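Remember, it's 1-based here, ligands and their atoms both numbered in the order they're listed. Keep in mind that what you see is a predicted model, and the values were worked out from it rather than measured.
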Amino acid sequence: MKTEKTLILIKHDGIQRNLIGEIIGRYERVGLKLVGAKMVVPTGELVEKHYTVDPEWRRKTGEKTIKNYKEKGKTPPSEDPYVITGLVLERLKKYFITGPVVAMVWQGAHAVQVARKITGGTEPFSAADIGTIRGDFSLDSYLLSDKDERVLRNLVHASTSPEEAEKEIALWFKPEEVIKYKLAQDEILYKPELEGFLE
Ligand code: ADP
């Protein structure tokens, strides 16, 4: 459990907003351990593989968009989730290839859920709470991004399940690029008894 891993990408907008250090700090300070990091300009092929490692991604992301529109009393761009994600995927490919991303592997207990909590919901405007990366540093919305025919600029990607994380990490990192090492703080986070500190 302590070695659960998650993939985090600081996307193009996060880099252009000069938030690399701020974003890394958020995952670091909670107690996660950085075990892999690199800067990459992704290809469209990598982006498509990345988003479709979960065969349900097209349906889930389309349904999430429709639900969000309806909750705001607005009409979604389509009632068909697959039509929405067809467009989203094309826009994601166009967006990702225009600049570098910082790809990282973070490790620790409940790494996937902890990182999602720190990241915040998909739509910064209404789904990402204040205190999360997306809620604190972005105000983008589905309405704005659809109007401009682009993807939501929500700064980071974070895997949504340990199984998905494993597949995503294999796409972005060679096995030897994910480093096994000890941190002094691992003991403080995970050792059953904290002893030997009093002098
Ligand atoms: P998350 O990144 O929160 O896991 P998804 O996997 O559902 O969200 O979507 C992947 C990315 O695609 C989002 O982070 C966002 O940038 C973009 N996206 C998803 N749905 C839409 C949409 N309806 N309009 C614009 N961009 C979208």
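- Side-chain atoms of Asn68 do not come within 3.5 Å of backbone N or O of Thr65 as any donor-acceptor pair.
- For the salt bridge (Lys or Arg N to Asp or Glu O under 4.0 Å) test with Glu123, the passing option among Lys72, Arg134, Lys67 is Lys72; the others fail.
- Across Glu163, Arg59, Lys60, a single residue satisfies side chain to side chain contact (heavy atoms under 4.5 Å, CB included) together with Asp54, and that is Lys60.
- In this structure, His157 and Tyr51 have perpendicular ring planes: the angle between them is above 60°, well past the 30° mark.
- Side chains of Lys11 and Asn154: a donor-acceptor N/O pair is present below 3.5 angstrom, by distance only.
- Ligand 1 is surrounded by Lys11, Tyr51, Trp57, Thr61, Lys64, Thr65, Val88, Leu92, Arg116, Thr122, Arg134, Tyr142, Ser145, Asp146, Arg150, Val151, Leu152, Asn154, each with at least one heavy atom closer than 4.0 Å.
- One finds the CD atom of Glu28 at 10.5 Å from the CE atom of Met104 (value rounded to the nearest 0.5 Å).
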